[in-house]
Amino acid sequence: MPRTSSSSAPGLQLVEFSPRTFRAAGKKAELVPFMLVSRTGRISFNRKAVELMGAGDGECAVTLLQDSRRPRDWYMRPGEGGFPLRGTKSYRMFQHTALAAKILDSLSFTGERLRIRIAGPTPPDELFTLLTEEAVSKADTKKK
């Protein structure tokens with residue numbers, strides 16, 4: 001948070017921006033695990049999400065699961081048998097247009113891409129919860 005301070009010059013109220021008082025949005029994004037789903041079919045995961053899944057530098061695959069009783073609720077399970085992820089240390093991704101459309105349509109989201117935070121894993125089945133409602137409400141707020 002920027003810090004406000006007084007100046008020796010009369011009438012000045014200065015706001016200090018320094019590495020100690022102000023963080024860039026990009027740095028904050030690296031602290032939160034998230035998945036980005038786009039209408040073009042790109043489904044990608046940031047570095048923190050890859051670390052959360054335990055993939056590190058190794059190979060990783062992911063399965064996405066939808067609750068049939070609550071279709072807006074989505075989950076993720078890393079491991080064999082899922083969509084293989086490719087990419088760099090900064091992010092991993094896979095391409096699947098139909099699945100991306102299924103996710104976005106189930107949330108009644110009409111935009112081009114949606115950033116969804118990832119929480120978990122939760123016992124007993126070690127699923128990661130995709131915070132879809134939060135993502136849609138944040139996206140709707142940005143449109144206004």
Side-chain angles (χ1 to χ4, degrees), residues 1-7 12-144:
M1 182 83 185
R3 186 175 78 174
T4 304
S5 61
S6 297
S7 170
L12 288 179
Q13 182 85 12
L14 301 175
V15 177
E16 177 182 323
F17 293 93
S18 69
R20 183 174 45 88
T21 63
F22 187 74
R23 295 175 77 166
K27 297 292 182 191
K28 182 179 178 187
E30 291 179 16
L31 302 176
V32 178
F34 69 85
M35 174 176 91
L36 187 67
V37 181
S38 90
R39 289 262 174 220
T40 62
R42 182 181 177 136
I43 300 173
S44 60
F45 302 86
N46 72 342
R47 178 188 314 219
K48 198 67 174 174
V50 173
E51 289 171 5
L52 186 64
M53 290 186 279
D57 290 334
E59 290 185 21
C60 183
V62 66
T63 301
L64 297 174
L65 305 106
Q66 181 184 32
D67 186 337
S68 61
R69 290 174 286 156
R70 296 177 50 132
R72 291 176 69 91
D73 291 352
W74 285 84
Y75 302 89
M76 176 183 76
R77 181 178 50 229
E80 292 181 25
F83 294 100
L85 301 180
R86 64 184 191 276
T88 67
K89 286 185 177 184
S90 301
Y91 77 97
R92 300 283 177 93
M93 59 86 61
F94 69 97
Q95 187 77 25
H96 200 291
T97 307
L99 180 57
K102 174 100 175 134
I103 294 167
L104 297 175
D105 292 345
S106 75
L107 302 173
S108 303
F109 183 75
T110 58
E112 288 302 308
R113 62 184 166 271
L114 185 63
R115 180 179 152 170
I116 304 170
R117 260 189 339 126
I118 301 170
T122 54
D125 46 14
E126 300 302 312
L127 291 178
F128 293 80
T129 303
L130 302 180
L131 304 177
T132 53
E133 293 300 327
E134 174 192 85
V136 171
S137 68
K138 280 187 176 182
D140 288 343
T141 303
K142 286 181 181 179
K143 286 181 186 176
K144 294 178 183 175

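All values below come from the heavy atoms of this structure, side chains included, with hydrogens, waters and symmetry mates left out.
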Full working for salt bridge (Lys or Arg N to Asp or Glu O under 4.0 Å) between D67 and R70: CA-CA 5 Å; D67 186 337; R70 296 177 50 132; 5.0 Å; no
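- Side-chain contact check for D105 versus R39: some heavy-atom pair is nearer than 4.5 Å.
- With values rounded to the nearest 0.5 angstrom, N46 atom CG is found 11.5 Å from R117 atom CZ.
- Distance check: S44 OG to L85 CG gives 10.0 Å after rounding to the nearest 0.5 Å.
- For the pair S106 and W74, the minimum side-chain heavy-atom distance is below 4.5 Å.
- Side chains of L64 and K102 form no contact here, defined as non-hydrogen atoms less than 4.5 Å apart.
- With hydrogens and angles disregarded, a donor-acceptor distance shorter than 3.5 Å links the side chain of Q95 to the backbone of T40.
- Between atom CZ of residue R115 and atom CD of residue E134 there is a gap of 9.5 Å, rounded to the nearest 0.5 Å.
- Contact of the R92 side chain with the M53 side chain is not registered, since no non-hydrogen atoms from C-beta on lie closer than 4.5 Å.
- Using a 4.5 Å heavy-atom cutoff, the side chains of Y91 and L36 are not in contact.
- For the pair P121 and R77, the minimum side-chain heavy-atom distance is 4.5 Å or more.
- With rounding to the nearest 0.5 Å, the separation of CZ in R42 from CZ in F94 is 12.0 Å.
- You'll find the side chain of V62 reaches within 4.5 Å of the side chain of F45, heavy atoms only.
- Listed here is the closest heavy atom pair of G82 and T63: CA-OG1, 3.3 Å.
- Remark: R69 pairs with no residue by the salt bridge (Lys or Arg N to Asp or Glu O under 4.0 Å) rule, at least two apart or across chains.
- The minimum heavy-atom distance linking A100 with G41 is given by the pair CB-CA, 3.8 Å.
- Ring orientation note: the planes of H96 and F83 are nearly perpendicular, at an angle over 60° on the 30°/60° scale.
- Here L114 contributes atom CG and F34 contributes atom CZ; the two are 11.5 Å apart, rounded to the nearest 0.5 Å.
- Side-chain contact between I118 and L130 is present, with heavy atoms from C-beta onward closer than 4.5 Å.
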As a quick check of understanding, evaluate side chain to side chain contact (heavy atoms under 4.5 Å, CB included) for V32 and K48, giving each step before the final call. CA-CA 6 Å; V32 178; K48 198 67 174 174; over 6 Å; no
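- Atom-to-atom distance recorded for I116:CD1 and M76:CE is 10.5 Å, nearest 0.5 angstrom.
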